[in-house]
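Scroll down for the structure; my scribbles are underneath it.
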Amino acid sequence: MNDMSVSRDVDTGEIKMRARGVEVFYGDTHAIKSVDVDIEDKTVTAFIGPSGCGKSTFLRCLNRMNDTIDVARVKGEITLDGEDIYDPKVDPVQLRAKVGMVFQKPNPFPKSIYDNVAYGPRIHGLSTSKGELDEIVEKSLRRAALWDEAKDRLQEPGTGLSGGQQQRLCIARAVATNPEVLLMDEPCSALDPIATAQVEELIDELRTRYSVVIVTHSMQQAARVSQKTAFFHLGELVEYGETGKIFTNPDDSRTESYITGRIG
Amino acid sequence: MSVTTEGGAPEPRRTSLLELDARTRRRNRSEARFRAYGLAAVTVAVMALVLLLVSILSNGLSSFRQTFVSFPITLDADVLDPSGNRNPEEMQSVLTFSYGPLVQQAFVDHVAALGIETDLPASALGDMISDQAPAQLRAAVLSNPAMVGETIDLQLLANGRVDGVFKGRVTMESAERDALISPEQLILAEQLRAEGSIITRFNWDFITAPDASGQRPEAAGLGVAIMGSFYMMLVVLAFALPIGVAASIYLEEFAPKNRLTDLIEVNISNLAAVPSIVFGILGLAIFINFAGLPQSAPIVGGLVLTLMTLPTIIIATRASLRAVPPSIREAALGIGASKMQSVFHHVLPLAAPGILTGTIIGLAQALGETAPLLLIGMVAFVREYPAAPLDGLFDPASALPVQVYSWTQRSDPAFVERASGAIIVLLVFLIFMNAMAVLLRRRFERRW
């Protein structure tokens with residue numbers, strides 16, 4: 001074991017999401033080739049791989065964000081708690097309330113901090129009174145480690161926060177709807193090291209309640225925050241396993257080349 | 001000796017930074033030339049604008065002032081109220097025609113009382129007062145029948161030629177050749193002005209009164225045209241904004257991208273380039289001949305202008321929807337908002353300033369549009385004010401640009417001044433609307 005891997009109690013709990021034979025096409029481009037992944041509950045799963053390898057594309061399959069792209073087609077089966085999320089009966093809107101997402105670039109709504117967080121609970125009817133909503137907002141901001149900085153300026157626009165604060169606001173917004181799975185698409189790529197450390201700490205805390213899937217370019221980050229790691233290369237899932245194992249003793253030579261910096 | 005290895009970088013040239021090489025000088029010269037061209041272009045544009053404004057203002061500002069003749073008139077009860085009971089309804093039966101001699105006689109007496117010697121016959125003196133004056137007097141009497149039998153001081157419109165004397169339009173030389181005014185009348189007018197019986201003052205009637213016939217330019221006003229234009233703008237706003245915005249949102253956010261939507265898109269852009277007179281023919285054929293809507297009515301004009309404005313609004317709205325960053329849509333979808341919620345809660349508010357600006361610019365365009373209105377009969381001579389909406393939308397009315405057009409068609413030179421005045425009013429409305437667009441946009445943008 002090298003020092004990059006932090007020993008953590010890996011909660012090998014139940015499988016939250018299961019992907020079988022997932023293929024994604026963008027028009028004629030075959031972006032994802034037959035990916036099988038099991039995402040465990042209360043676990044941080046990291047997707048790593050070089051640019052354009054399909055890790056973000058696969059992440060967006062998990063809450064059907066690819067539906068919004070006209071030319072994208074998804075084949076195969078993805079289940080959430082055993083239910084096929086691509087079943088014709090599934091409304092992606094309901095799915096996305098259960099599978100929240102945080103994007104690469106902080107994208108707060110151009111509304112107040114309060115309204116940013118309260119928006120999800122409002123549209124999903126999670127609160128019956130103003131007091132209840134206030135509580136959800138406070139809890140979500142606390143969970144995103146933003147409460148202390150934001151509590152006195154809840155009515156100020158969310159776009160006025162710093163980059164790191166904005167990203168934490170987006171995380172607060174995502175957790176406010178009480179999702180079961182949280183997808184994070186390179187959440188720290190636009191942040192400085194201090195903000196990155198805060199967000200990483202946050203991810204580790206979120207693990208106690210949610211299943212977190214994070215796409216990252218930084219192998220150090222994957223090693224720091226995740227329990228499971230999946231390595232994607234050219235649209236294929238090359239290797240998937242315990243983070244410690246992937247970073248110290250990978251099975252596939254391509255994984256080893258990547259984590260040692262020879263391809264990427 | 002230069003030591004260049006094969007395939008390596010060539011030796012750097014050693015030149016002084018303190019002197020410009022030929023290439024830099026050439027580049028600087030061409031940049032200076034380009035700046036000069038740009039400056040020249042801007043200067044030409046500004047000059048043209050200034051020239052336009054100066055010519056319109058110098059021609060048109062005088063139309064807001066009007067010459068009035070003031071003198072005492074004895075309201076003969078025997079003529080104006082034969083039954084003698086001061087009942088305005090019975091007094092209605094005394095026509096404007098009977099007021100004419102009264103006005104003329106009072107004016108002749110007034111000139112004599114001032115001690116001004118003149119060889120002009122009574123009829124020539126009466127001609128110096130507007131044909132509109134008896135009607136003015138009648139309206140005053142009917143609104144206050146108690147005046148009958150008394151002698152009152154009244155300001156009555158002077159004839160358009162007399163008005164022209166004090167606006168520099170009529171001179172001694174032109175009066176000699178003019179059948180409508182003689183040099184003697186001109187001299188008398190100058191004398192009366194010196195006595196204070198002829199005054200020139202601001203004339204609200206130019207803005208509020210209806211149009212008048214070609215013989216009495218002094219009485220012509222913009223009231224009906226302004227109301228007609230206003231009603232049409234209401235119709236355009238009520239139809240074009242919701243239809244345009246709904247169509248844009250659907251096309252931009254919901255419609256699948258296929259051949260059909262491509263075709264629609266191309267045609268909307270084409271529609272924006274269709275000459276406006278074509279829309280007039282369309283309006284004539286569909287709204288008047290087919291649907292049977294009345295001619296000269298603001299509703300028809302408004303519908304035609306709606307068709308014309310729609311492409312402008314759709315294009316502006318789509319552009320501002322497209323300008324909303326996709327990350328906002330993703331953020332909304334990512335927390336489980338439906339497509340419609342993401343559009344109405346997040347995208348539309350962000351696009352609102354752009355939509356508003358596009359709408360107001362479209363409205364301003366419609367306000368100044370003339371050609372299609374000519375074809376649907378808005379160029380008619382209308383003296384009756386349209387009723388209040390919604391019924392009034394079906395009453396005949398004129399429109400500001402059409403009023404300008406019809407005044408420029410009339411022979412009396414006094415209408416040149418009127419037309420320029422109408423253009424000033426139109427420009428004021430346009431400036432007001434554009435200023436509103438800028439203000440609203442600023443205000444909305446600050447919120448986000």
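Each chain gets a letter, A, B and so on, in the order its sequence line appears, and its residues count up from 1. Side chains are part of it too, since the values below use all heavy atoms of this structure and drop only hydrogens, waters and symmetry mates.
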Spacing of CG belonging to Asn107(A) relative to NE2 belonging to His346(B), to within rounding of 0.5 Å: 10.5 Å

OG-CZ distance between Ser327(B) and Phe109(A), expressed to the nearest 0.5 angstrom: 9.5 Å

Inter-chain contacts: residues 331-341 of chain B against chain A, heavy atoms under 4.5 Å: Ala331(B), Ala332(B), Leu333(B), Gly334(B), Ile335(B), Gly336(B), Ala337(B), Ser338(B), Gln341(B)

Within 6.0 angstrom of Tyr37(B) OH, more than 12 heavy atoms from elsewhere: no

Val99(A) versus chain B, the contacting section by heavy-atom distance below 4.5 Å: backbone

Point-to-point distance, once rounded to the nearest 0.5 Å, from NE2 of His345(B) to CD1 of Ile123(A): 7.5 Å

Crowding at CZ, Phe230(B) (>12 non-hydrogen neighbours, <6.0 Å): no

Region of Arg64(A) in contact with chain B, defined by heavy-atom distances below 4.5 Å: neither

Heavy atoms from other residues, nucleotides or ligands near CZ of Phe432(B) exceed 12 (cutoff 6.0 Å): no

Atom CG of Leu390(B) with >12 non-hydrogen neighbours under 6.0 angstrom: no

Residues, nucleotides or ligands: over 12 heavy atoms within 6.0 Å of Glu132(A) CD: yes

Heavy-atom pair count under 4.5 Å with chain B, highest-scoring of Lys105(A), Gln94(A), Arg173(A): Arg173(A)

Residue, of Met65(A), Met101(A), Lys98(A), that accumulates the most heavy atom pairs under 4.5 Å with chain B: Met65(A)

Student check: side-chain heavy atoms of Pro326(B) and Thr68(A) closer than 4.5 Å: no

Contacting region of Pro108(A) [heavy-atom separation from chain B under 4.5 Å]: backbone

Lys257(B) NZ: over 12 foreign heavy atoms closer than 6.0 Å: yes

